[in-house]
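Keep in mind that the numbers below use all heavy atoms, side chains included, and drop hydrogens, waters and symmetry copies.
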Amino acid sequence: GGRGGRPKHSTWERDLDLIAELGANTVRVYEVPSVEFLDLCEERGLGVFVGLAWGSHLAFLPPYGDFGEVLASCGAEVFVHPAIDAWIVGNEVPPDIARFLGVGKVQAALEKLVAVVRERAGGALVAYANYPSTEYLNPRNADFVAFNLYLEERDALRSYLARLGVLAGDRPLVVSEFGVDGAKGEVLEMFLEECEGEGVAGAVIFSFCDEWFRGGEDVDGWKFGLVGEGRERKEAFEKVRGSFAWKAARRRPVPVSVVVCTRNGEATLEACLDSLGKLVPPPLEVIVVDDGSRDATPEIARQAGHLVRLVQQEGAGLSAARNRGARESKGEIIAYTDDDCVADSEWLRWLIPAFDDPDVVAAGGPNIPPAPRNEIEAAVAKAPGAPSHVLFDDRRAEHIPGCNLAVRKASLMAVGGFREQYMAAGDDVDFCWRLLERGGEIRYVPAAMVWHHRRASVRAYFRQQAGYGRAEAILYRDHPRRFAPGGGGARWGGIVYSDEPVSALPRPGRRIYHGRFGAAPFQFVYARERYLLRDVLGMCPERGAIVASRWLVFWLALGQPVVRGWARWSKLARNWEPSDGRIEFPSFPRVPPLPRIFCSSLAFWSEESIAREALIARLLEKKYRASDDAISDLESDFMISKITTATEYHGKGGCLTRVRIRGFFPTFFHARRVRNAAYSLGLTDAH
């Protein structure tokens, strides 16, 4: 910042030299900088996260604002510079504004802004800086998930980072703001340690200096800088110096055996083994179990390197191959992956620490589809039925797919290994359920990633789904209480997560927790995930170069439950059906929306920062009561009405409070009462 405008060139050089001395590699700025500033950053090897400054704290959608002006301004402001690593298209839309405008509409607007900026960004990444009060705003086409956090207590920070790792889906997680008083250097040190421990891709400390401004006005009394206004170094500066580069923690080496089961996998096995040869830390051994291949699979395994050991058997099925790999292994932990997977180089680095907890018997992470090579692969990647993790909460899993599953060898042997009647699928589900029944815990580790190729053709996709259906028939016989009555689909105790991040996309069974009057500091999505055809038709904008055909995805989604269900029922029809009871899981209650037949909108101005909270309190005195739904503040039985409020802060103490009144009957009576309450507080009508 700087008093009255931008700092001088010499000030930039001094500040950037200090930032480079800290060991940081990125600078986040909150408006579009000059080319001179970007040149100075490039000279010092500093990347830049550039923020678009616009009225995201205001009611920016019609009829209250004009979002088109924001989009138009992008064309004039956005320019290409090699120092720019990412564009941050918005920062912390207030929760009352998001709720007032409509959460789905706000997210759609942010996604549109992301798409517009990406067209002009010259290859730089694009994201939106969110925060816990609007956790549900998660643009599905952003390149990474960015969150601003201010949690000073270690356990709370660790728990919330774990939650964000789950919400991020297949995207990297960046903490785009974290700050405390500059005298609390130990808190910043703790923050960087926890970010590294939870697999965060990057972290931004707010702020570098105490001297800063907002909206052209200097901000006083906010001493979060690592240096003071005169650039004197604070305790925090010395604490975080050199702490920005993530380092693998020194720990007792744990012998891990990686097992790859394959059958006719010559097309993908070489890339899989190549990735396993680059693991840090390296595994004790890599065992390739060839389950009766008739192609070049054995030769590829023999040529892979000294760590790879080939074990061959006649075709006995996937479960038998996994058990054979376990018997041949020498490690305390066995990490399974498939021949069509490519492991991240730090896959084991993130998996191994999960076993520090003696209650954890297995652990695994996400399996992410790589960039599609053609339209069919892109469509199959979007279609339902892919291997997915199922979570009880942000750490405890009910199921981890076998393509990314590590287990203690002792625990595997204790449950008798994988059941060999599962020839091609379902073995990992049965195995996880049996581990849980013995009292073990399965840990989900978002940073332990593998890239898992989806099926390359429509025929292969439906063959896979038919195989899953036949496996479910066997699971139904072995675990009848975990299925719907009459041989229906599996009833999970946790939530099934897909590759997409959790977002505000409206679906049945999904509710946003806004808190009383929409003011909860942590607002999140309650969801029991269901894949619906409406999701396919409105699927997320693509981030890659190849766009899936919506109609192809539609027909895949339409045919998937038919093929899978038919295969399941066909196999069940040839076998017995158990007669014992089944567990029924409760569903979320459906709250019918109030008919929007009549609607009135009001706006009130205050020069003294009198905001919505004061107006709500005054209306509560006038016999209104807190609303029982999530999208309104107040309600009244008289002429059946609901009232929603939001406040825009315009600087210098001025604020604008917007009020919307909805009802089945004309709302003029309630509008008059709201005006009287506003006038009694000293508010005036805004025009």
Side-chain angles (χ1 to χ4, degrees), residues 140-141 168-171 260-275 297 318 336-344 347 364-390 399-405 424-429 446 448-472 496-501 529 531-533 535-537 539-564 567:
R140 295 161 294 158
N141 59 338
D170 66 350
R171 294 160 173 78
V260 181
C261 301
T262 182
R263 179 181 175 86
N264 297 328
E266 64 177 2
T268 55
L269 181 61
E270 184 175 358
C272 173
L273 298 180
D274 182 60
S275 71
T297 293
L318 179 58
Y336 288 99
T337 191
D338 290 349
D339 59 4
D340 56 353
C341 291
V342 172
D344 181 75
W347 178 46
N367 67 100
I368 302 169
R373 292 168 292 186
N374 53 56
E375 183 181 288
I376 293 179
E377 284 192 10
V380 170
K382 290 294 179 187
S388 302
H389 47 282
V390 184
H399 167 245
I400 298 290
C403 58
N404 187 358
L405 177 65
D427 58 322
D428 48 4
V429 178
M449 300 175 293
V450 301
W451 281 263
H452 188 195
H453 288 279
R454 305 306 191 231
R455 295 301 185 262
S457 68
V458 172
R459 181 181 180 184
Y461 168 75
F462 282 123
R463 288 181 60 185
Q464 178 194 46
Q465 297 307 309
Y468 286 164
R470 290 188 290 271
E472 286 174 345
V496 181
Y497 284 82
S498 66
D499 300 322
E500 296 296 335
E529 292 295 317
Y531 202 102
L532 304 176
L533 291 181
D535 301 334
V536 177
L537 292 176
M539 69 184 179
C540 77
E542 297 288 336
R543 288 171 289 146
I546 299 176
V547 178
S549 165
R550 292 194 177 194
W551 282 109
L552 179 56
V553 179
F554 175 83
W555 288 113
L556 292 177
L558 192 67
Q560 184 265 347
V562 176
V563 171
R564 192 162 175 167

What closest approach, in Å, do [X] and [Y] show between heavy atoms, and which atom pair accounts for it?
| X | Y | value |
| --- | --- | --- |
| Q465 | R564 | OE1-NH1, 3.2 Å |
| C403 | H452 | SG-ND1, 3.6 Å |
| C272 | T337 | SG-CG2, 4.4 Å |
| S457 | V380 | O-CG2, 4.3 Å |
| A466 | A567 | O-CB, 3.3 Å |
| A425 | G467 | CB-O, 4.4 Å |

Inset, instruction - Can you measure from NE2 (H453) to CD1 (I368) and round to the nearest 0.5 angstrom? - result: 12.5 Å
Inset, instruction - Supply the atom-to-atom distance M449 CE to D344 CG, rounded to the nearest 0.5 angstrom. - result: 4.5 Å
Inset, instruction - Report yes if the side chains of L269 and V260 come closer than 4.5 Å at any heavy-atom pair, otherwise no. - result: yes
Inset, instruction - Consider only side-chain N and O atoms of Q464 and Y468, and report whether a donor and an acceptor are under 3.5 Å apart. - result: yes
Inset, instruction - Could you point out which residue of T262, L273, T297, N264 forms a side-chain contact (heavy atoms from CB on, under 4.5 Å) with D339? - result: T262
Inset, instruction - For a side-chain contact (heavy atoms from CB on, under 4.5 Å) with H399, tell me which candidate from D428, L405, V496 qualifies. - result: D428
Side-chain ([X]) to main-chain ([Y]) donor-acceptor, under 3.5 angstrom:
| X | Y | result |
| --- | --- | --- |
| N374 | I376 | yes |
| N367 | P387 | yes |
| N404 | P366 | yes |

Inset, instruction - Could you tell me whether E270 atom CD has more than 12 heavy atoms of other residues or ligands within 6.0 Å of it? - result: no
Inset, instruction - Quick one: do V458 and L552 satisfy side-chain contact (heavy atoms from CB on, under 4.5 Å)? Show the steps, please. - result: CA-CA 9 Å; V458 172; L552 179 56; 4.2 Å; yes
Legend entry - Q560 vs Y461, side-chain contact (heavy atoms from CB on, under 4.5 Å): CA-CA, chis, key distance, verdict: CA-CA 9 Å; Q560 184 265 347; Y461 168 75; 3.1 Å; yes
